[in-house]
Every structure is written in structure tokens, then in C-alpha cells.
Protein chains: 2
Amino acid sequence: MAVTIKDVAKIANVAPSTVSRVIANSSRISEKTKKRVREVMDELGYHPNFIARSLASHSTRAIGLVMPSSSDAVFQNPFFPTVLTGLSEGAHAKQYALHMTTGKTDDEIYDGVVAMVQGGRVDGVVLLYSKVEDRVISYLKKRDFPFFVIGKPFKDDENINYVDNDNFKAGKEVTEHLIQLGHDRIAFIGGNLDLVVTVERIEGYEKALRNSGIKLVDEYIINDEFLQESGQDAVEVLLSLDQPPSALVVADDLMALGVLNKLDEMGIEVPKDISIVSFNNVLIAEMARPPLTSVNINIFDLGFQAAKNLIQKIENPEEPIKRIIVPFNIVTRYSCDRPKESLV
Amino acid sequence: MAVTIKDVAKIANVAPSTVSRVIANSSRISEKTKKRVREVMDELGYHPNFIARSLASHSTRAIGLVMPSSSDAVFQNPFFPTVLTGLSEGAHAKQYALHMTTGKTDDEIYDGVVAMVQGGRVDGVVLLYSKVEDRVISYLKKRDFPFFVIGKPFKDDENINYVDNDNFKAGKEVTEHLIQLGHDRIAFIGGNLDLVVTVERIEGYEKALRNSGIKLVDEYIINDEFLQESGQDAVEVLLSLDQPPSALVVADDLMALGVLNKLDEMGIEVPKDISIVSFNNVLIAEMARPPLTSVNINIFDLGFQAAKNLIQKIENPEEPIKRIIVPFNIVTRYSCDRPKESLV
DNA sequence: TTGTATGCGTTATCAT
DNA sequence: ATGATAACGCATACAA
């Protein structure tokens, strides 16, 4: 058995409760006693037992992470490690640890969350956006358990804590960027329509077009999974139109890479023949040829803010519902240019 | 407060200990009682408290993950989420959860591990290879705490559980692949020499050359961080040699992407002018232009085996030291060809 | 300022 | 086959 509070107490000639108070740095303990006790702790290599502490104090100093199903494509996206880094630093700053459950199906995930929460393993939960949200969210709400969503929830978003970008605005600005360059045939290649992020970016895109008096073309909007293959398919469809677009708004860098490859295959040059802007600004945006103009959504901050604010909520349950909007900025690289007069 | 074992006991008219036995599905409880107790559990929505259980049973059913420092480049590498997926599935299969600590510096990481272990938060630990290993490993060994390393440890590897590929063999086969195509001016662009993986791949590379009677050229071996920029620098140096190489072995896909970009800039075509093979076979290997021939090291399995075998070790402390070698295979794509007679 | 006693929700050891 | 009771290691209300 490891050294416990009692061992320390015995050697320091104090009561266990005194040791406990020294650990908590209670103001009601004399400095002299503190010093002596601390020396003994060092001497014995004492470390508090988190489990016992949790049981007695009803607080674990751990926050639960609900991942998308591990079979999901999101896992392959560089978005994921980055947001994790942010979460991790946000948690670490307040001495919290991260606790993960995963599952291959939505049911497994749900069960994992329930076990984690009811089992008292965590003090709060962060949901990395995915489709399971519905059940998990309603469960957490019913239990009145502290949680934050990264990305905007499907519904009831006034009553749910979340951290997100202003994706409408991002979609709009990115489209305006292309309009300013002179484009008026702008297509949108997006992700899964079940995701709020996709819908909002499309709406921003449409708003920008409308504001500029450019008429919307239904065929210019294509949605599919956040995968690179779909990027490729989309390109084929778009470029076989009578009036192919001269610019593309692509909802994800990885998809944009697929688009880039397909265009290369077809002998179409970027940005000479067609312009591209994408979202997320992960490493590959920079490494693509040409380097992609991309919206930096500050993925790290998304995670960091989620952790930070969740912990605030945990430590102060009276905190009101919060919706944190992380700013974005467009990182201009070399994938956009003025339109050519004709394409193909 | 949540519903406890006592509440269930009271309503089911049994002792708390009986309920506990029902949860454990003890064979010494009659089916009739089990049924009744279970009904009450469902009725009340009972879920066992992990914390209390852990305290009493000295087992947390959680495994700790030691990440590289979050500022590290590894975090940017797609290797990371994939290995995490493997770990997660391996853990989940045995109903274990994952518990993460991270830190920005090696000291923070070390402290995190100590707190996690001494605090009794986890039953075992998996180290995702990094440079901190030294202190952390010696601490864990001293405490005789169950752990596995992903990747080969720096030293003392006969006494440490690890999961790894045969990187010597991989380096050798990949080089042979190029030799068979007719190359004899083959360079190696590797990662940090502090990493065992780098050293082993180089040794395999050298072995292959020696076996074929090709003499080693010092200038043909360049080592740097696992980053894309270094890939670029390396290319400049290599191609300015009197006898520039006709083929490159690159230790990581991400680096290879940097190499590819640089070559593209210089107007050198792959694989016509120069051939490339790389390692890890992450998504970008497939998405690069041209798609890269890469060594599939089965990253998922690295994680999965680590979790699985660690849990075995936890549940059966008598298990001997294990060294698990995960097989690899070369995935041939379009980045290799026969050498041209002259380059530049 | 410090000590004593009790409880947190389980599991485990004795009994019966 | 089941019940009573003592740990597990710590926090805290109450005493002193």
C-alpha cells in the first residue's frame, strides 16, 4: 500500500485531519505545523489519493470527453488532435484531467456517457460535435449535468452551453472575398447537411451572393461527407455544367485537397483557371499546392475555451448558459485569383 | 444524491452486500434474488459509483495515456489520432476508459504521470513515444507499475513492455524496393536521431545498400525533425550534390509531402526524375500528388495492441515482459519508377 | 489552532 | 445463499 494521510499524521505527530488541512492549505493551520507536515510528506513521498478524495468531496477534477464514433471520418481530420490539444491545455491550466469514452456506435457512446456521469467519474463533459448529440444532450440536460458542446447543437441552442465560430459570417466573408476578386459563378462544396456548421456556412455563402445581386444556382451547391473523395466527385459534377463555376468555397481543407487533386488530373490550374477557398486552416492547407486560402477557425481555442468555461461552470454552478463565439480570420495564400473570362 | 446500493437493498429487501454480489454476478446468489434485485436496480435507475468501487477494490478500470508535450510536432501528425483510435477500441473492448494527462514541458508531463499513478487514478499506463520517456519510464519501473510503450524505448528494452514495428526490416525492404527498380543513388531523409525509430530505419536502409554492394554516401543521410519544412531543406541540400540521388527514402509522410512540394517548385518530376518512398501511410500519402508509395505500419494496431496487452498485464500481473511487433507492408502507389540516367 | 468522529458508496471478510 | 461489519483514504462538522 502506498503512503497515506495517516502515515504522514503519525510521523508528524498530528491528526490526519490536520494533514488533510495542510494539503488544502487551510488558513486555520499554523505555518509551523504546515512546514513540518510538508516536510514529512516529502520525506515519505506522499501523494494524495484522488479516488478517496473524490469519494469524500464529490469532485473528481476530471472532465469527460465525448468523441464521435471512432469509425467516424472526423477522427481522420486534423481538426481532432488540435481541438484535443486545446482542451488539454485548458483543463491542465486548472489541474483537471481528461477522461475519454468512445464507442463504435451511437449506442455505445451513449452508454459510455451515462456510465461516466452516473458513475461519478467526471465533473463535467465536453461533446465534440457529432450526430449522437441528441440523446446524449437530452440526457445531460435532464440530469442538469455541466457540459459544453464544441460546435453548435442542433436545436435548443439557447439553453445549451457551446463554443463555436460564427460560421454564417465566415461563409459570408469568404464568399465576399471571391466576389471582390470579380467572381460571380461561385460554387459551394460542403459537408454533411446534418451538421449545423455546414448549413450555416451555406447560408452565409448565399447571403453574400444575394447581397451582391448574384443569383443563386442550385447546381452550385453540393453536399457530402467531410471526406476527400466527395471533393473529387463534386468537382466532376460542377465542371460538367454548362456554366461551370470560376470559384469554389469548400467546407474543409481535406476536401479541398481532394478537389485540388481532381482539378490537377483534369488539367485545370488553380488559381489561374479556378479559385478555391476552404475552411479550418489545418496544416495541409499550407502544404497543398498551391497553398490554400483558408479560414482559420482557431481550432485550438475552440477546445481551450470549452475546457475553461466548463470548469468555470463546474466550480460555480450558478453560471448562466454561455455561448462562446471564437473569432476566425481568413488566411490568404495562393489559391485565389481574378476569374478568367472562360473556362474549359 | 444519486441512488446507491443501499437504496436498492432497502427496496429489494436484501442487504447491501447482496446487491453488490448481484452486480458482480456472484454465483452464490440465487437466480430469484438476482432477478428481483435487478428489477429494482432498473426501476430506480441505479448505476454503480465508479469512485467508491475503485476505492474499495483498488482498481479503476482506467488506463492512463502519456502524450508527448502538447507543443510537440507529433500532435500535428495524423499518426496521433489513429493510434488513439486503436487505444480507445482496445480499451473499450475490455470496458476500460482512457485517462489523459498532458503538459507543455517534460516536467509537467512527469508530474502528471506521478499524480496519476500515485493518485490511484489508473491501473496502467501507455506511453506514446516521445523524448520524456527516460524519467517517466524509470519512475514506472521503480514503482513496478504496469505500462506499455508505443515505439521502442531508448534503452533497457528487454525489460520494458512495448509495441512497435520492425523498423529495421521496414527500412531495409523499402530500400530494396528501390534497388530492385534499379536505383543505386538512394538518400535517406529521416526524423530526429533521438528517436529509436529513426535510427532503426536508417540501419535497415544501410543494410540493404551494403547487401547489394552499393557504397554508402554520408551526404545521402539527412536527419531533422518530423516536420515538413525539414523535408524541404533536405531536398535542397541533396540536389545540390555533385551526384544527386535518384531516389529518396523519407521517414514520414508529412515530411515526404514537404519534399514533394519542394521538388515541384524546382521543376523536378516524381517519379520520372526522382523516386520517393515514405513511412506511415497516413491519409495524405494517398492524397499527395503523385500518391506516395508508403509503408503501412498499421498505426491503429499499434494502439490497439498496446491497450489490449496492457490490460492483460493489469489483470494478470504475472504476465512476463512482452515485446509486440506489429507487421507492416509496403503500399505501392505512384511515386517510384526506374531511375533516369541523369538528373538535373 | 488542532483533534475526534462520521460519512462518502463500494467491496470484502466474517459470520450465520 | 445471505447478512452484518469492517475497511478503502480522505474531507469535514463538531469539539476542544
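By convention in this document, chain letters (A, B, ...) are assigned in the order of the sequence lines, proteins followed by strands, and residues within each chain are numbered from 1.
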Identify all side-chain donor-acceptor contacts of residues 109-121 of chain A below 3.5 Å with residues at least two apart in sequence or on another chain.
{"from": "Gln118(A)", "atom 1": "OE1", "to": "Arg143(A)", "atom 2": "NH1", "distance (Å)": "2.4"}
{"from": "Gln118(A)", "atom 1": "NE2", "to": "Tyr139(A)", "atom 2": "OH", "distance (Å)": "3.3"}
{"from": "Arg121(A)", "atom 1": "NH2", "to": "Thr60(B)", "atom 2": "O", "distance (Å)": "2.2"}
{"from": "Arg121(A)", "atom 1": "NH2", "to": "Arg61(B)", "atom 2": "O", "distance (Å)": "3.2"}

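- Judged as a side-chain hydrogen bond (donor to acceptor under 3.5 Å, both in side chains), and not counting sequence neighbours, Ser27(B) has no contacts.
- In this structure, Val326(A) and Val163(A) have side chains that are in contact, with non-hydrogen atoms separated by less than 4.5 Å.
- Evaluation of the side chain to side chain donor-acceptor pair (under 3.5 Å) test over residues 302-317 of chain B, restricted to residues two or more places apart or in two chains, returns Tyr96(B)-Glu315(B), Gln305(B)-Asn309(B), Asn309(B)-Lys322(B), Gln312(B)-Lys322(B), Asn316(B)-Glu319(B).
- Relative to the axis of its first five pairs, the axis of the last five pairs of the helix from dT1(C)-dA16(D) to dT16(C)-dA1(D) sits at 40°, rounded to 10 degrees.
- Evaluation of the side-chain hydrogen bond (donor to acceptor under 3.5 Å, both in side chains) rule for Asn161(A) yields no partner, not counting sequence neighbours.
- Using a 4.0 Å heavy-atom distance criterion, Ser54(A) is classed as making no nucleic acid contact.
- You'll find that the side chain of Leu55(A) is closest to dG9(C), out of dG9(C), dT1(C), dA11(D).
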Atom pairs and distances, side-chain donor-acceptor, residues 38-48 of chain B, under 3.5 Å, sequence neighbours left out:
{"from": "Arg38(B)", "atom 1": "NH2", "to": "Asn25(B)", "atom 2": "OD1", "distance (Å)": "3.2"}
{"from": "Glu39(B)", "atom 1": "OE2", "to": "Lys35(B)", "atom 2": "NZ", "distance (Å)": "3.4"}

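- In this structure Ala15(B) satisfies the side chain to side chain contact (heavy atoms under 4.5 Å, CB included) test together with Ser17(B), Thr18(B), sequence neighbours excluded.
- Applying a 4.0 Å cut-off to non-hydrogen atoms, none of the residues of residues 115-124 of chain B approaches DNA chain D.
- Residue pairs meeting the salt bridge (Lys or Arg N to Asp or Glu O under 4.0 Å) criterion with at least one partner in residues 9-33 of chain A, sequence neighbours excluded, are Glu31(A)-Lys34(A).
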Are any protein N/O atoms closer than 3.5 Å to N/O atoms in nucleotides 12-16 of chain D? If there are, list each pair with its distance.
{"from": "dA13(D)", "atom 1": "N6", "to": "Arg21(A)", "atom 2": "NH2", "distance (Å)": "2.7"}

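- Every residue two or more places apart in sequence or in another chain was checked for a side-chain hydrogen bond (donor to acceptor under 3.5 Å, both in side chains) with Ser57(A), and none qualifies.
- Every residue two or more places apart in sequence or in another chain was checked for a side-chain hydrogen bond (donor to acceptor under 3.5 Å, both in side chains) with Asn165(B), and none qualifies.
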